[in-house]
Amino acid sequence: MECGIIGLQSVGKTTLFTALTAHSVSVQLGSMKPNMGIAPIPDPRLAKITEFIIAQKVIPATLQVVDLPGVPSGGSNLNAVLAHIRNVDALCQVVKCYDDCSPENDIASMDSELIVADMVVVEGALDKANRTAKHGDKDAQNRVDVLSKVNTLLEEEKPAREGTWDAGDQAILKSYGIMTAKPMIYVANVSEDDVHGDSDAAKYVARYAQENGGESVTVCATLESEIAELDKEDQIEMLESMELIEPAVGPLARALNTLLGLSTFYTAGEKEVRAWPIQKDAPAPQAAGVIHSDIERGFIRAECYHVDDLFSLTSEKAIKEAGKLRSEGKNYTMQDGDVVNFLFNV
Ligand SMILES: Nc1nc2c(ncn2[C@@H]2O[C@H](COP(=O)(O)OP(=O)(O)O)[C@@H](O)[C@H]2O)c(=O)[nH]1
Ligand SMILES: [Mg+2]
């Protein structure tokens with residue numbers, strides 16, 4: 001699962017990327033190069049678990065992010081940039097909301113670029129699917145139905161994500177790389193004196209996202225990038241001075257995780273406390289497989305409890321005594337926030 005950071009040129013995409021990846025990848029600001037990296041997902045529940053279970057190591061879940069080149073206004077580079085965007089699973093659109101900016105124009109030109117590019121794909125695909133469907137091919141008829149629905153939305157200048165799609169439809173949309181069907185989060189990149197997003201520009205981004213089936217977050221990319229370089233104590237001091245509870249990359253990374261259809265489970269022992277990303281509603285053996293394929297193969301059962309039980313009862317012993325330690329089999333659907341010990345035999 002991969003999230004693409006998109007937007008026009010020089011709006012702070014790479015700066016946001018450095019903040020999300022905590023400077024683990026060397027980048028060049030203002031460059032047109034894609035950058036790939038791994039972003040740790042800041043997780044207050046993970047930190048809280050370690051108050052009750054003392055561990056040598058604490059390992060957060062991570063998210064794959066790619067900082068894509070800015071969408072140029074027309075020109076021959078456009079198709080190359082769009083090809084990158086087709087391949088990611090979710091989009092994070094950075095919108096310039098500092099200095100001289102016009103978020104209305106920027107979002108409109110970015111989103112219409114995506115809509116027009118999708119229309120080209122849909123037109124070609126619809127022709128082809130129609131021809132195949134004529135011979136009674138049921139799969140092709142499904143494709144025709146989905147593509148026609150997308151076409152109607154696009155013609156109304158609406159993104160495909162505004163439609164209602166079942167899992168099968170979504171697979172079809174993904175196979176064609178329909179960009180406007182991908183979940184989108186709009187990031188209002190504000191100046192350092194507008195970290196709460198009170199400016200008209202930031203408010204516009206939030207309203208636009210809400211009206212167009214997307215989500216939004218307010219971030220000051222330069223500040224976040226600086227915060228990501230500090231050690232824990234200095235971070236806390238800096239956040240307090242700005243009346244912020246946590247760096248904005250926290251809510252952003254968590255929102256992206258949710259948009260990608262992921263949830264989190266934990267493993268917790270003296271050696272390490274660790275958060276793992278997992279497909280929402282995955283069965284227990286699949287969760288085991290995220291840790292190691294052997295654990296999935298030799299899955300016997302999952303001993304688990306919920307983080308909230310740990311927070312209220314404060315120890316695994318008390319959880320056991322309260323009868324909250326569950327033994328779950330291979331058909332168990334993982335719940336967000338489960339703390340799990342997998343028993344397996346290979
Ligand atoms: N004042 C201000 N400058 C920013 C902010 N975010 C990025 N910049 C600057 O804008 C320029 C382009 O940033 P970059 O991240 O490379 O943009 P990209 O082209 O979208 O990747 C750099 O000089 C950044 O320092 C911000 O929030 N405030
Ligand atoms: Mg860049």
Side-chain angles (χ1 to χ4, degrees), residues 2-39 64-75 77-78 80-85 87-88 90-111 113-114 179 184-206 209 216-230 235 238-239 241-244 246-253 256:
E2 191 170 53
C3 173
I5 302 175
I6 65 166
L8 300 182
Q9 292 168 9
S10 298
V11 293
K13 295 181 300 299
T14 302
T15 309
L16 180 66
F17 174 84
T18 63
L20 277 167
T21 55
H23 299 270
S24 57
V25 179
S26 75
V27 301
Q28 221 179 334
L29 289 185
S31 126
M32 280 290 286
K33 211 170 100 308
N35 298 295
M36 313 256 243
I38 300 288
Q64 219 170 307
V65 286
V66 47
D67 166 32
L68 295 169
V71 167
S73 38
N77 285 332
L78 180 61
V81 176
L82 295 176
H84 281 296
I85 300 179
N87 284 325
V88 297
L91 300 173
C92 174
Q93 182 178 154
V94 181
V95 184
K96 182 175 173 181
C97 294
Y98 58 88
D99 296 350
D100 253 351
C101 63
S102 87
E104 285 104 315
N105 290 337
D106 287 4
I107 293 181
S109 67
M110 183 69 215
D111 280 1
E113 211 67 83
L114 299 181
M179 296 178 285
M184 171 92 87
I185 187 158
Y186 293 87
V187 175
N189 184 17
V190 295
S191 70
E192 300 201 3
D193 46 31
D194 185 29
V195 291
H196 297 286
D198 296 321
S199 62
D200 288 344
K203 282 186 183 151
Y204 174 80
V205 174
S216 68
V217 177
T218 297
V219 167
C220 172
T222 43
L223 179 68
E224 292 292 323
S225 176
E226 279 169 36
I227 291 175
E229 274 181 315
L230 300 174
Q235 272 191 8
M238 182 147 175
L239 289 167
S241 75
M242 312 207 65
E243 294 174 17
L244 292 171
E246 63 170 328
V249 292
L252 175 57
L256 290 171

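All heavy atoms count here, side chains included; hydrogens, waters and symmetry mates do not. We count residues from 1, following the sequence as given. In listed order, ligands and their atoms are each counted from 1.
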Quick one, V66 and H84 - any side-chain contact, counting heavy atoms below 4.5 Å? no

What's the count of protein N, O or S atoms under 2.8 Å from the Mg ion (ligand 2)? 1

Is any side-chain heavy atom of Y186 closer than 4.5 Å to one of V217? no

Is there a donor-acceptor pair under 3.5 Å between the side chain of N189 and the backbone N or O of V94? no

Is a side-chain donor or acceptor of K13 paired with a backbone partner of L8 at a separation under 3.5 angstrom? yes

Kindly indicate whether the side chain of V71, heavy atoms from C-beta on, has any atom under 4.5 Å from the side chain of I6. no

If you take all heavy atoms of T222 and E192, which pair is closest and at what distance? OG1-OE2, 3.8 Å

Could you go through ligand 1 and note, for every N or O atom, any protein N or O atom closer than 3.5 angstrom, writing the atom names and distance to 0.1 Å, or 'none'?
from: ligand 1; atom 1: 6 (N); to: N189; atom 2: ND2; distance (Å): 3.1
from: ligand 1; atom 1: 8 (N); to: Y98; atom 2: OH; distance (Å): 3.3
from: ligand 1; atom 1: 10 (O); to: Y98; atom 2: OH; distance (Å): 3.4
from: ligand 1; atom 1: 15 (O); to: T14; atom 2: N; distance (Å): 3.3
from: ligand 1; atom 1: 15 (O); to: T15; atom 2: N; distance (Å): 2.8
from: ligand 1; atom 1: 15 (O); to: T15; atom 2: OG1; distance (Å): 2.5
from: ligand 1; atom 1: 16 (O); to: G30; atom 2: N; distance (Å): 2.7
from: ligand 1; atom 1: 17 (O); to: G12; atom 2: N; distance (Å): 3.1
from: ligand 1; atom 1: 19 (O); to: S10; atom 2: N; distance (Å): 2.9
from: ligand 1; atom 1: 20 (O); to: V11; atom 2: N; distance (Å): 3.0
from: ligand 1; atom 1: 20 (O); to: G12; atom 2: N; distance (Å): 3.0
from: ligand 1; atom 1: 20 (O); to: K13; atom 2: N; distance (Å): 2.9
from: ligand 1; atom 1: 20 (O); to: K13; atom 2: NZ; distance (Å): 2.7
from: ligand 1; atom 1: 21 (O); to: T14; atom 2: N; distance (Å): 2.9
from: ligand 1; atom 1: 21 (O); to: T14; atom 2: OG1; distance (Å): 2.8
from: ligand 1; atom 1: 27 (O); to: N189; atom 2: OD1; distance (Å): 3.0
from: ligand 1; atom 1: 27 (O); to: V190; atom 2: O; distance (Å): 3.2

Where the side chain of E224 meets the backbone of A248, is there a donor-acceptor pair that is under 3.5 Å apart? yes

Within a strict 4.5 Å, meaning less than it, do heavy atoms of the T21 and I38 side chains meet? no

Closest heavy-atom pair, A39 versus L20, reported as atoms and distance to 0.1 Å, is CB-O, 3.2 Å

